[in-house]
S.K.: 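What follows is a structure written as structure tokens; I'll ask about it next.
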Amino acid sequence: MKKYIFIFKTTIMDSLQYIMNIILGFVTYILIIFIFLNLWQYIYTDPEKLINGYSLQQMIWYVILTETIWFGTRNGAIISQISNDIKSGAIAYVINKPYHYVIYMIVRNLGEIAIKFFLYLCAGLTLGYIWVGRIPEFNPIYIPLIIMILISATLINNFLTMSISLLSFWIEDAAPFHWIYVKILLILGILFPVEMFPVWAQPIIRSSPIYVITYGPVKLIISFSREIFTSVLLAQVIYLLGSFLLLMGLYQKGVKKINVNGG
Amino acid sequence: MLTAAKQQTKVLFLSVKYNIMREMTNHVTFLMNIIFMVLNNATFIVQWLLLFQLKSDIGGYVLSDVLILWGLAASTFGISHIFFSQAFKLPYLIMNGKLDSFLVQPKNVLLAVISSGTNTSAIGDLIYGYIIILIFRFSLYNLLIFTLVSILGSIILTAFGVIVGSLSFWIIRGDILSQNLISAVINFATYPEGIFKGVVRLTLYTVVPVGLINYLPLQIVLNFNFTSLLIIIGAAIIFVALAFLVFYRGLRRYSSGNLMISRI
């Protein structure tokens, strides 16, 4: 365990060297939020009007917070590096190291996104406050519970993303599967809350990982309720376990396909 | 001069042909990249279906207009990334001193650089554009207009990519600046122009020329206007001239990375 804590610490120290790069990357994030601000302002002709239970202010905050989770926790390393390690054969050199490759990648990823997420959160909260004012119905007393839910959501997303990357053991390029996963997450979870979808589609979305990765955590921030918290927590426990087993299962199966030719 | 242009075009097409042949060595991956990119673009139909349920017109556009805008953005992006995908990787090539092998070639350096790679998934983008126009505006005339404005849009997009990419000759972290500006074009390209107002709208026709790449071409597809077409042709000429000017000015500042690499 000590070695993983050490890896986590060194990755954080490393990412502190690139803070300027992270801040310069804010432009795209701000731009997307700006586009949605304009879009929703156009659709909400009356700011007091409720659309599927959301006021304009809540809708903007929903998009800001889901985009913050998305931009702050996405990491090219678990998308491209795992695939590249498999494709290039570099994985043969890391599986005999005194750590588990998958755990190493999880810990490294958490170290890389910790600072990034914090910076994006600060930027998102500032932007939201300037554009639409404070988060309605937000109660700081729930912050510890929300942090717990956010960490679980990040882990589930990481496990699923890494599982897709591990498909490179069987197909050369897993990128197309990443595109589809990201787009499903984007359309069904980041851009719109579940309530915006037709009634028949809502139970499907609520039982998918989207519910626990984006919708659930953000819904708790903009309108906390004990019922939603319990249902999100329960669903997260199931998905956390399921996605971790899937990840480990794929790795165990895939690693058997490695051929070392020497040289 | 005409012969030189003809030869240069021939080299360009040969370069793209061999790029695609190289990508096709793994048929499954090649096809998957294309098919999944079509599906990837199609997922956004859900977004617009939902939004148009809330309001019948968004920024003056109806659902079919937005989907044609999407198709146009995809085909413009597709053409530029099939023929000139390296234009969008210029900062990386400049910062890592990887232009050496192009400098000793007898043909035009800029064209050789930007046509030296093809993005396979961009073929999927191009196909998606044509699927959309076939579904919503099927006629030979519309296909021709769509092709013409897509080519013009892709020329402006590529030239814009070269201009902002060449900033890396002068600026440290020019890669991030260029990436941000290109992503601005791509992000704005799929949303109706009418939702933006004032200075932002002006910016979309100047600093981030998405108006010239997508919005004006869409108006031509929906309702042909010769003046708008002339404006786009004029803009394409100006952007290309600027791209050559900025790239060659910047090239004077280029220093080799002394890397021994071979281009096959």
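Letters go in sequence order (proteins before strands), and every chain restarts at 1. The basis for the numbers below is simple: all heavy atoms, side chains too, and nothing from hydrogens, waters or symmetry mates.
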S.K.: What heavy-atom pair brings B/T190 and B/A73 nearest, and what distance separates the two atoms?
M.R.: CG2-CB, 4.0 Å
S.K.: Heavy-atom distance under 4.5 Å to chain B: side chain of A/I171, backbone, both or neither?
M.R.: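 Contact with chain B: side chain only.
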S.K.: Determine the interplanar angle of the A/Y29 and A/F26 rings, folded into 0 to 90°, and report it as parallel if under 30°, tilted if 30 to 60°, perpendicular if over 60°.
M.R.: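 Answer is tilted, since the angle falls between 30° and 60°.
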S.K.: Can you check ring pair (Phe, Tyr, Trp, His ring centres under 6.0 Å) on A/Y62 and A/F192, steps first, answer last?
M.R.: CA-CA 8 Å; A/Y62 180 86; A/F192 304 101; 8.9 Å; no
S.K.: Just checking, B/R201 and B/Y205: is the charged tip under 6.0 Å from the six-membered ring centre and within 45° of the axis?
M.R.: no
S.K.: Is A/E195 salt-bridged to A/K219, going by a charged N under 4.0 Å from an acidic O?
M.R.: yes
S.K.: Under a 4.5 Å heavy-atom cut-off, does chain A meet the side chain of B/F196, its backbone, both or neither?
M.R.: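 Both backbone and side chain.
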S.K.: Between B/T29 and chain A, which part of the residue has a heavy atom less than 4.5 Å away: side chain, backbone, both or neither?
M.R.: side chain
S.K.: Measure distances from B/N40 to the heavy atoms of chain A and classify the residue's part below 4.5 Å as side chain, backbone, both or neither.
M.R.: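 For B/N40, heavy atoms of backbone and side chain both lie under 4.5 Å from chain A.
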S.K.: Would you say NZ of A/K253 has more than 12 non-hydrogen atoms from neighbouring residues, nucleotides or ligands within 6.0 angstrom?
M.R.: no
S.K.: Looking at A/T45, A/I32, A/L39, which makes the most heavy-atom pairs under 4.5 Å with chain B?
M.R.: A/L39
S.K.: Is any residue of residues 115-125 of chain A within less than 4.5 Å of chain B by heavy atoms, and which ones?
M.R.: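 Not one residue of residues 115-125 of chain A has a heavy atom under 4.5 Å from chain B.
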S.K.: Is any side-chain heavy atom of A/I86 closer than 4.5 Å to a side-chain heavy atom of A/L166?
M.R.: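 Yes, close enough: below the 4.5 Å cut-off.
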S.K.: Tell me, for B/I176 versus chain A, whether the close heavy atoms (under 4.5 Å) come from the side chain, the backbone, both or neither.
M.R.: side chain
S.K.: Under a 4.5 Å heavy-atom cut-off, does chain A meet the side chain of B/L50, its backbone, both or neither?
M.R.: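 For B/L50, the contact with chain A is made by the side chain alone.
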